Engineer: 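Below you'll find the structure I mean.
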Amino acid sequence: KTDFQFNEFVEELLDPTSDDIISVTDFKIFLSWFGPFKKCVENANHVLSYPYFFGAMTSLEAQRLLDNQPIGTFLVRFNEKDFGNFVISC
């Protein structure tokens, strides 16, 4: 991912409603995935750099992307129900 994509992705994570306000809840969720605070940007950059990481998407969206892909193809995404965890879809 380019720096632009990274910045756009982090902005979407921190401000999912695109209202230019980062709520305490949004920041808490961000830290649950990428904390501790002192390393959150470094951790986010590390995770987001993987080509198989697709971020926020539903299981249905992931399945649509994986349909017609070779056996063994996978992606990693945020867990949509259990913040702070990731899911491997294949």
Side-chain angles (χ1 to χ4, degrees):
K1 294 182 177 56
T2 66
D3 285 341
F4 175 76
Q5 289 172 316
F6 172 77
N7 292 339
E8 188 176 89
F9 198 80
V10 169
E11 184 177 317
E12 182 181 327
L13 287 174
L14 286 171
D15 184 17
T17 57
S18 299
D19 60 2
D20 293 327
I21 297 171
I22 299 171
S23 72
V24 171
T25 301
D26 293 337
F27 191 66
K28 181 180 175 185
I29 291 169
F30 180 81
L31 285 179
S32 72
W33 279 311
F34 301 114
F37 179 74
K38 288 185 178 185
K39 296 192 73 165
C40 66
V41 172
E42 179 183 334
N43 291 342
N45 192 24
H46 183 74
V47 170
L48 300 176
S49 71
Y50 291 114
Y52 51 80
F53 183 74
F54 280 73
M57 68 172 46
T58 67
S59 56
L60 184 58
E61 291 170 323
Q63 194 56 51
R64 285 185 184 142
L65 280 176
L66 292 167
D67 283 346
N68 302 318
Q69 296 299 316
I71 293 175
T73 302
F74 70 96
L75 61 84
V76 177
R77 60 187 175 83
F78 291 126
N79 188 320
E80 62 193 299
K81 296 178 182 148
D82 190 11
F83 295 126
N85 291 306
F86 299 91
V87 175
I88 298 172
S89 298
C90 53

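Just so we're clear, the structure is a prediction, and the values are computed from it rather than from any experiment. Residues: numbered from 1 along the sequence shown.
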Engineer: How close do Cys90 and Gln63 get, heavy atom to heavy atom, and via which atoms?
Structural biologist: O-OE1, 3.9 Å
Engineer: Any sub-3.5 Å donor-acceptor pair from Asp82's side-chain atoms to Asn85's backbone N or O?
Structural biologist: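 No.
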Engineer: Can you see which heavy atom on Pro36 is nearest to which on Asn43, and at what distance?
Structural biologist: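 Between these two residues, the closest heavy atoms are CD-ND2, 4.1 Å.
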Engineer: How far does SG of Cys40 sit from CZ of Phe27, to the nearest 0.5 angstrom?
Structural biologist: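 With rounding to 0.5 Å, SG (Cys40) is 5.5 Å from CZ (Phe27).
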Engineer: Taking all non-hydrogen atoms of both residues into account, name the closest pair between Arg77 and Gly55 and its distance.
Structural biologist: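 The answer is CB-O, 3.1 Å.
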Engineer: State, to 0.1 Å, how close Thr58 and Glu61 come at their nearest heavy-atom pair, and which atoms those are.
Structural biologist: N-OE1, 2.7 Å
Engineer: Evaluate whether atom CG of Asp67 has more than 12 neighbouring non-hydrogen atoms of other residues, nucleotides or ligands under 6.0 angstrom away.
Structural biologist: yes
Engineer: Given the rule that I, L, V, M, F, W and Y join up when any side-chain heavy atoms are under 4.5 Å apart, are Met57 and Leu60 in one cluster?
Structural biologist: no
Engineer: How far does OG of Ser23 sit from CD1 of Ile29, to the nearest 0.5 angstrom?
Structural biologist: 7.0 Å
Engineer: Honestly curious: do Val76 and Val87 fall in one hydrophobic cluster under the side-chain, below-4.5 Å linking rule?
Structural biologist: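 They do not share one cluster, since no chain of ILVMFWY contacts under 4.5 Å joins Val76 to Val87.
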Engineer: Once rounded to the nearest 0.5 Å, what's the spacing between atom CG of Leu48 and atom CZ of Phe34?
Structural biologist: 5.0 Å
Engineer: Quick check on the hydrophobic clustering: are Leu31 and Val47 connected, directly or via other members, by side-chain heavy-atom contacts under 4.5 Å?
Structural biologist: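 In one cluster with Leu31: Val47, yes.
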Engineer: Which pairs pass salt bridge (Lys or Arg N to Asp or Glu O under 4.0 Å) with one or both residues in residues 31-60, sequence neighbours excluded?
Structural biologist: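 Found Lys39-Glu42.
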Engineer: What do you reckon, are the aromatic ring centroids of Phe54 and Phe86 less than 6.0 Å apart?
Structural biologist: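 No; Phe86 has its ring centre 6.0 Å or more from that of Phe54.
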Engineer: Apply side-chain contact (heavy atoms from CB on, under 4.5 Å) to the pair Phe37 and Phe30, showing each step before the final yes or no.
Structural biologist: CA-CA 10 Å; Phe37 179 74; Phe30 180 81; over 6 Å; no
